[in-house]
Number of protein chains: 2
Amino acid sequence: MSTQLPIDSQTNEMLEVRPGKWTLVVISELRDGSRRFNELRRALGGISQKSLTTTLRDLERDGYISRSAFATIPPRVDYALTALGEELLELADGWRRFALRNRAHVVAARIRFDGLGTSVSIHVEEE
Amino acid sequence: MSTQLPIDSQTNEMLEVRPGKWTLVVISELRDGSRRFNELRRALGGISQKSLTTTLRDLERDGYISRSAFATIPPRVDYALTALGEELLELADGWRRFALRNRAHVVAARIRFDGLGTSVSIHVEEE
DNA sequence: CGGGATCCGTTATGATACTG
DNA sequence: CAGTATCATAACGGATCCCG
């Protein structure tokens, strides 16, 4: 096998490689230990409870987080990373470091690109 | 190490941390060098040309790939990774390795989860 | 408090037809 | 060949109301 293993659609689908808008944010928020539903909700800022619910359920379904419900009054539910979730957290961190490191670079590239649009044709090269 | 740097929505938005369906697949496909539009299209399988176009343009806009157009007949356009794009490729590879390593695990977790109609206090399915 | 159900606007993606 | 334009649809995300 010649290390020819590009990300294929299969892998993409199977493991939710393309996370929803909040997936990695939730994973990151659980880095320091378990959190309750509304704790997460507050910590995350703009998330709707529906999105949080579905994000959490999807993550639980795939085994990235565990859900512990206590039948107390008021009810209480704790969410925490599983071992697999911690691996995912590491990936998220790598992604975050990349983002922080290259933020300026990308923003600049974007501005440069957007600035070119107004002036006629795209630059062309001859061979 | 307080590591209080969770992925925030800002970072999320700014750097397209949440890639589109085809972003990482395209990046992966460029690992061995430049490719032409229809080469990519064929290699990727199910992608529509519109999706490929927008994916490529977005990646170019953010500085991950370069676009070289030749005014020949027939016209020809080459896409290739930039230095930044190669960094992104490494992230994609990390993701892919994770996916391959844990595929079975996640699929199993998913099946287990879906099988649990009858657990703790979450049994409201039937009517 | 945690979260299910529903309605609904925004975005993402695809199929198709056409052009320089 | 490498797109662009248009239309249609599916997935996503938010707001609201409801319940154990």
Side-chain angles (χ1 to χ4, degrees), chain A residues 9 12-13 16-26 29-30 34-61 65-80 117 120-125 127, chain B residues 9 12-13 16-26 29-30 34-61 65-80 113 116-117 119-127:
Chain A
S9 303
N12 225 354
E13 306 280 334
E16 306 278 76
V17 166
R18 187 172 61 106
K21 183 177 179 180
W22 297 101
T23 308
L24 294 187
V25 196
V26 168
E29 199 53 44
L30 291 173
S34 71
R35 288 260 191 279
R36 301 179 57 178
F37 188 87
N38 279 333
E39 263 184 321
L40 285 171
R41 186 151 154 59
R42 263 176 265 114
L44 295 180
I47 194 171
S48 69
Q49 111 240 87
K50 174 186 172 182
S51 295
L52 182 53
T53 299
T54 57
T55 300
L56 288 171
R57 186 151 17 82
D58 288 348
L59 284 172
E60 187 199 356
R61 189 169 101 104
I65 65 176
S66 61
R67 178 183 185 277
S68 311
F70 302 95
T72 56
I73 295 178
R76 175 181 154 197
V77 183
D78 287 350
Y79 296 92
V120 203
S121 61
I122 309 164
H123 105 100
V124 176
E125 298 173 11
E127 186 155 22
Chain B
S9 303
N12 226 352
E13 305 283 333
E16 306 279 77
V17 166
R18 188 173 62 104
K21 183 176 178 180
W22 298 100
T23 308
L24 295 187
V25 196
V26 168
E29 197 54 44
L30 291 173
S34 71
R35 291 248 191 269
R36 302 178 58 175
F37 188 88
N38 279 332
E39 262 184 322
L40 285 172
R41 185 152 157 58
R42 263 174 266 113
L44 296 180
I47 194 172
S48 66
Q49 60 202 163
K50 175 184 172 183
S51 295
L52 181 54
T53 299
T54 58
T55 300
L56 288 170
R57 186 147 16 81
D58 289 348
L59 284 171
E60 186 199 357
R61 188 170 102 103
I65 65 175
S66 62
R67 176 182 186 279
S68 310
F70 303 94
T72 56
I73 295 178
R76 174 182 156 195
V77 182
D78 287 351
Y79 294 93
F113 185 90
L116 299 177
S119 79
V120 208
S121 57
I122 319 172
H123 179 58
V124 199
E125 281 294 299
E126 278 76 18
E127 175 125 10

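Order of the sequence lines fixes the chain letters, A, B, ..., with proteins taken first and strands second; residue numbering starts at 1 for each chain.
- Distance, B/Phe70 CZ to D/dA2 P: 11 Å, rounded to whole Å.
- For A/Leu56 and C/dG2, the CG to C1' distance is 10 Å, given to the nearest whole Å.
- When the nucleotides C/dG3, C/dT13, D/dA2 are ranked by their closest atom to the side chain of B/Trp22, C/dT13 comes out on top.
- The separation between B/Asp58 atom CG and C/dT11 atom P is 14 Å, rounded to whole Å.
- Taking every side-chain heavy atom of A/Lys21 into account, D/dG13 is the closest of D/dG13, C/dG2, C/dG4.
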- Task: Quick one: do A/Trp22 and A/Thr54 satisfy side-chain contact (heavy atoms from CB on, under 4.5 Å)? Show the steps, please.
- Result: CA-CA 10 Å; A/Trp22 297 101; A/Thr54 57; over 6 Å; no
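- Per the geometry, CZ belonging to A/Arg67 stands 16 Å off P belonging to C/dC1, to the nearest Å.
- Rounded to whole Å, atom C1' of C/dA15 lies 15 Å from atom CG of B/Leu52.
- One axis for each end of the helix from C/dC1-D/dG20 to C/dG20-D/dC1, each built from five base pairs, and the angle between them comes to 50° at 10° resolution.
- Atom CD of A/Glu39 and atom P of C/dC1 are 12 Å apart (whole Å).
- Rounded to a whole Å, the CG atom of A/Leu40 is 14 Å from the P atom of C/dC1.
- A/Leu30 is listed as a side-chain neighbour of A/Leu40, based on a closest heavy-atom distance under 4.5 Å.
- Taking every side-chain heavy atom of B/Val77 into account, D/dA2 is the closest of C/dC1, D/dA2, D/dC1.
- Residue B/Ser48 places its side chain closer to C/dG14 than to any other of D/dA2, C/dG14, C/dG4.
- Although no hydrogens or angles enter the test, the distance criterion places no donor-acceptor pair under 3.5 Å between the side chain of A/Glu60 and the main chain of A/Arg57.
- For D/dT4, one of the phosphate oxygens OP1 or OP2 lies less than 4.0 angstrom from a side-chain nitrogen or oxygen of B/Arg57.
- For B/Tyr79 and D/dG3, the shortest distance from a side-chain N or O to OP1 or OP2 is below 4.0 Å.
- Across A/Phe37 and A/Leu52, no two heavy atoms sit closer than the pair O-CD2, 3.6 Å.
- Residues B/Arg76 and B/Asp78 approach most closely at NH2-OD2, 2.9 Å, considering heavy atoms.
- Closest to the side chain of B/Arg36, out of D/dC1, C/dG14, C/dC1, is D/dC1.
- In this structure, the CD atom of B/Glu60 is 9 Å from the P atom of D/dG3, given to the nearest Å.
- Contact detail for A/Arg41 and A/Gln49: the closest heavy-atom pair is NH1-N, 3.6 Å.
- How far CZ of A/Arg61 is from CZ of A/Arg67: 15.5 Å, rounded to the nearest 0.5 Å.
- B/Ala43 meets the side-chain contact (heavy atoms from CB on, under 4.5 Å) test with B/Glu29; sequence neighbours excluded.
- In this structure, CG in A/Leu56 is found 7.5 Å from CD1 in A/Ile47, a value given to the nearest 0.5 Å.
- Using a 4.5 Å heavy-atom cutoff, the side chains of B/Tyr79 and B/Leu59 are not in contact.
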Considering only nitrogen or oxygen atoms on both sides, find all protein atoms under 3.5 Å from nucleotides 16-20 of chain D and state each distance.
residue	atom	partner	partner atom	Å
D/dT16	O4	A/Gln49	OE1	3.0

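- The phosphate of D/dG14 has OP1 or OP2 within less than 4.0 Å of a side-chain N or O from A/Ser51.
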